[in-house]
Amino acid sequence: MTTPDGAALKRPDARTLIDTVLDPGSWKSWDEPPRDPAPPGSAYADELAAARARSGYDESVVTGEGLLEGRRVAVMACEFSFMAGSIGVVAAERLVRAVERATAERLPLLAAPASGGTRMQEGALAFVQMIKIGAAVAGHRAAGLPYIVYLRHPTTGGVFASWGSLGHVTAAEPGALIGFLGPRVFESLYGYPFPEGVQVSENLFRHGLVDAVVSAEHARAIAARALAVLCAPTRGLERGPEPVERPVEVEAWEAISRSRRDDRPSVRALLKLGASDVTPLNGTGVGENDPGLLLALARFGAAPAVVLGQDRRRQRTGRQLGPAGLRVARRGMHLASELGLPLVTVIDTAGAELSKASEEGGLAAEIARCLADLVALDAPTVCLLLGEGAGGAALALLPADRVLCAQHGWLSPLPPEGASAILYRTIDFAPEIAKAQGVRAVDLQRDGIVDRIIPEFPDAAYEPRPFCERVARTLEYEITGLLNRPAADRLSTRLARYRGLGLRPD
């Protein structure tokens, strides 16, 4: 691999990577001398001896612990110079013991694979080791512990198809070869080369398979930021004073017009101006992406959260929110549930994508799945109606324990122009329709859809930083309150809320 100017690209070995990512002098190895899997005097034994002498490593993986910005973490890393980082029985056992120890000691786990996959000298027995490694990682995740992966050059075969693809957050080395079947093996099997540019980390990022493409130095910063959220305390947080609401009532059409301003703060502005430790995530992790749906880890004050928000600016310049975006959202829901983190959804959309591809991609089904997942989610949930809230794309992110609405936010089955066209075959009656439908923040609060209105003075577009900071303080207050309630109580209250919407007391 070379740089654009043709120079060789130097990549760190396992020890150098560990020293780069962890705090200086904090590394402690967990490894014991390996038991040789090869009969003495065999060709395989000679290969192992030569690999040890040449690489300076006793096996293809190293495991241990260290500190990352003072936080204790477990680490497992491949060393490609040792028999192409291949995984046999001994290496697999070393990995599994490290994962199990990290789980038992409740440590976040950082993994840095660089491997050609299964060790061919050990055949089928080595091949099935990937099952127990994957099972150990699944157990770590099931315990609510973070698992962060940094894919290095190259990562292929069973390693990529097991523990290399199970991260809560996954980054990749620039220009790294990452794929299921290595290109040399592919060409040998099929007689023609694999298409160029497919099994490269940057292409994986474009397709939503990795969250970032970064150097080892930047991998440290990403891991530290992510863990600041993933490991943030969720108990005993002090709840600040309740935000004071002084919203000014405006006409529905005026609120809708203000919500559509190009200079109105978006979800990205909210994270930039109101949050800390923001770690953007990318795509579904299974080959899809949508520019209109942002997924990130962040903290609002002391309160950690998984944030998934509709980015109306990206929807306007790219395309409207489609089924892939809702699958990205469901990745965020699953992440919040598995790690026990609060979930913040941000609604700001003119409506879902209406197209052949969207219909065939399962838009309606994804809206239904989002609704079902959110209503039953075991994590605390807060929804923010930041601006436009039109149609099923908005509804898909609405169910929550607490629903907040910006003063000029709104919610409607269709944009008012669409409703006018249905009722009167013209869009000219949109302002009257908006008023009649009760789409404003104050109407939504009256009907029990919204719990709290966040004021604008007089318009978020005129005060982006104060507005975003006001929203962030309100989110912190609501999240902290939810974290102090038992999970079963939160869920039963949420279900009762939506069961009773629209019913008038006898």
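A salt bridge between Asp19 and Arg220 is absent, with no side-chain N of the basic residue lying under 4.0 Å from a carboxylate O of the acidic one. With salt bridges taken as basic N to acidic carboxylate O contacts below 4.0 Å, none links Arg206 and Glu202. Taking 4.0 Å as the cut-off between side-chain N and carboxylate O, Asp58 and Arg52 do not count as a salt-bridged pair.
Within the structure, side-chain hydrogen bond (donor to acceptor under 3.5 Å, both in side chains) pairs that include any residue of residues 335-344 comprise Arg141-Glu338, His168-Glu338, Ser337-Asp378 (at least two apart or interchain).
Residues that satisfy the salt bridge (Lys or Arg N to Asp or Glu O under 4.0 Å) test with Arg485, not counting sequence neighbours, are Asp489.
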(request) Please step through salt bridge (charged side-chain N to carboxylate O under 4.0 Å, His left out) for the pair Glu59 and Arg94, ending with a clear verdict. (result) CA-CA 9 Å; Glu59 247 302 342; Arg94 180 175 282 185; over 6 Å; no
(request) Apply the test salt bridge (charged side-chain N to carboxylate O under 4.0 Å, His left out) to residues Glu93 and Arg35: give CA-CA distance (whole Å), side-chain angles for both, the deciding distance (0.1 Å), then the verdict. (result) CA-CA 11 Å; Glu93 184 63 20; Arg35 187 179 65 180; over 6 Å; no
(request) Might you work through the salt bridge (charged side-chain N to carboxylate O under 4.0 Å, His left out) test for Asp211 and Arg331, ending with a clear yes or no? (result) CA-CA 12 Å; Asp211 296 308; Arg331 176 193 172 192; 3.0 Å; yes
(request) Apply the test salt bridge (charged side-chain N to carboxylate O under 4.0 Å, His left out) to residues Arg268 and Asp348: give CA-CA distance (whole Å), side-chain angles for both, the deciding distance (0.1 Å), then the verdict. (result) CA-CA 11 Å; Arg268 293 180 186 275; Asp348 197 3; over 6 Å; no
(request) Determine, stepwise, if the pair Thr63 / Asp31 fulfils side chain to side chain donor-acceptor pair (under 3.5 Å). (result) CA-CA 6 Å; Thr63 69; Asp31 297 334; 2.5 Å; yes
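Just one of Thr284, Leu281, Asn282, Leu294 meets the side chain to side chain contact (heavy atoms under 4.5 Å, CB included) condition when paired with Val328; it is Thr284.
No more than 12 heavy-atom neighbours from other residues, nucleotides or ligands sit within 6.0 angstrom of CZ on Arg97.
For the pair Arg101 and Trp30, the cation sits on the ring face: its NZ or CZ lies under 6.0 Å from the ring centre, inside 45° of the axis. Judged by the 6.0 Å and 45° rule, Arg119 forms no cation-pi pair with Phe127.
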